[in-house]
Amino acid sequence: MQPPSPPPDDRQASDPQTWLGTYGDYLYRYALLQVRDESLAEDLVQETLLAALKGRDGFDGRASERTWLTGILKHKIIDQLRRQYREVPMEEGNPDGEGEDFGMEEFFAADGHWATKPGAWNDPAKSTENAHFWEVLLGCLERLSPRQRQLFVLRELHGSGNAEICKGMDITPTNAGVMLYRARMSLRQCLELNWFGQPRKTEKR
Amino acid sequence: MLNCQKASQLLSQSLDRPLSFRERLSLRLHLLMCDACRRFAKQLRSLRPMAAELESRVLTDDRFKLDERARKRIKRVLHDGGEQGPVS
């Protein structure tokens, strides 16, 4: 008979040589969602496993091994994004301090009314059962600017807290809010145009 | 008075922070009168569960795999990992 699993404080991470086989693809996909570059994603997996190897004692057995490794990877991703932000502080045409209204002519008229009113979405619940829908959503995500996409993936796909993101990336909540707003606006519109049907026609300016 | 643009901003912000009483009130008033924004609000909120499901689909998608070359390289680095300094 197998002995019961040891209490949490005695638990250790399993043999590091098995990590790559067990979690390699999972970590790779997680990284790929964020960086969209295969060799960068591979590097992140490597760095993550290496850091895990060196920090093995830090694994306290409370979380699953996969959660622990994913946490390390997420830190690496956020670190990398913060470095990028330092080098090129703000998005093209969206310097720090530009408010939420900046560059939104695509969505709103000068008086703040919708340029094109949001259209009716037919049967969203049914759409999500369709495999092709997820390809469209992935495609819409790709079309965001890199920073909007990165932030959106962290916030909504990985479910990171807003405070965690702002602290880790050293950006203000206002700034994060502006980029998330733009990302959500673009994604909603992209889904409408490419999946949920045509928007109501209004005059193009 | 809130316009649609401002209402859309508040709706997005409400996904990231609690709105103030005043913000909630003005948003609610706007939504009462504006069916386009009501529709938008519903669609905007649906993005979050969609995004979460997209993640779990991609994380189990066998089309995305570490290739053999990368796997070998990582294996080697992990094997040498103990002796060498951190990879920058």
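Letters A, B, ... mirror the listed sequences (proteins, then strands); counts begin at 1. As the structure is a prediction and not an experimental result, all values here were calculated from the model.
Between A/L191 and B/M50, the closest side-chain pair of non-hydrogen atoms falls below 4.5 Å. Residues A/V153 and B/E55 are not in side-chain contact: their nearest non-hydrogen atoms beyond the backbone lie 4.5 Å or more apart. Side-chain atoms of A/D25 and B/D62, non-hydrogen and from C-beta on, never get closer than 4.5 Å to each other. The side-chain heavy atoms of A/R29 and B/K65, taken from C-beta on, include a pair separated by under 4.5 Å.
With a 4.5 Å cut-off on non-hydrogen atoms, B/R76 does not touch chain A at all. For chain B, no part of A/Q189 is nearby; none of its heavy atoms comes within less than 4.5 Å. Heavy atoms of A/L49 lying under 4.5 Å from chain B belong to its backbone as well as its side chain. In this structure, chain B has no heavy atom under 4.5 Å from any part of A/F107. For B/K75, the parts lying under 4.5 angstrom from a heavy atom of chain A are both the backbone and the side chain. Proximity to chain B is limited to the side chain of A/L141, based on heavy atoms less than 4.5 angstrom apart. Proximity to chain A involves both the backbone and the side chain of B/L15, based on heavy atoms less than 4.5 angstrom apart. Of the atoms belonging to A/L33, it is side-chain heavy atoms, and not backbone ones, that fall under 4.5 Å from chain B. Of the atoms belonging to B/R57, it is side-chain heavy atoms, and not backbone ones, that fall under 4.5 Å from chain A. Contact annotation for B/R45: neither backbone nor side-chain heavy atoms come within less than 4.5 Å of a heavy atom of chain A.
Interatomic distance, CZ of B/R73 versus CD of A/Q46, reported as 4.5 Å (0.5 Å rounding). A distance of 8.5 Å separates CZ of A/F152 from CZ of B/R48, quoted to the nearest 0.5 Å.
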### Evaluation steps, side chain to side chain contact (heavy atoms under 4.5 Å, CB included), between A/F133 and B/E53
CA-CA 12 Å; A/F133 169 77; B/E53 185 171 346; over 6 Å; no
### Task
Please test B/D16 against A/R155 for side chain to side chain contact (heavy atoms under 4.5 Å, CB included), starting from the C-alpha separation and ending with a verdict.
CA-CA 9 Å; B/D16 303 314; A/R155 179 83 180 102; 2.8 Å; yes
### Message
Apply salt bridge (charged side-chain N to carboxylate O under 4.0 Å, His left out) to residues A/E135 and B/R63 and explain how you reach the verdict.
### Response
CA-CA 13 Å; A/E135 299 299 319; B/R63 287 176 302 169; 3.1 Å; yes
### Message
Applying side chain to side chain contact (heavy atoms under 4.5 Å, CB included) to A/L20 and B/K72, what does each step give before you reach the verdict?
### Response
CA-CA 10 Å; A/L20 184 61; B/K72 282 204 179 107; over 6 Å; no
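When each of B/N3, B/T60, B/L66 is scored by its heavy-atom pairs under 4.5 Å with chain A, the top score falls to B/L66. Here A/E156 is the residue among A/R188, A/E156, A/M185, A/E38 with the most heavy-atom pairs under 4.5 Å with chain B. The most heavy-atom pairs under 4.5 Å with chain A, out of B/D61, B/L47, B/L54, come from B/L54. Per-residue counts of heavy-atom pairs under 4.5 Å with chain B were compared for A/Y30, A/Y26, A/Y28; the largest is that of A/Y28. Counting heavy-atom pairs closer than 4.5 Å to chain A, the top-ranked of the candidates B/S56, B/C4, B/A7 is B/C4.
Contacts classified as disulfide (SG to SG under 2.5 Å) and involving residues 140-174 of chain A (residues at least two apart or in different chains) are given here: A/C140-A/C190.
Note on A/E42 versus B/R71: no salt bridge recorded, every NZ/NE/NH1/NH2 to OD/OE distance being 4.0 Å or above.
Put simply, the side chain of B/R39 gets close to the backbone of A/P118: a donor and an acceptor are under 3.5 Å apart. Looking only at distances, a side-chain donor or acceptor of B/Q43 sits under 3.5 Å from a matching main-chain atom of A/G119.
Looking only at atom types and distance, the side chain of A/Y181 has a donor-acceptor partner in the side chain of B/S8 under 3.5 Å away.
Pairing each heavy atom of B/A51 with each of A/L157, the nearest pair is O-CG, 3.4 Å.
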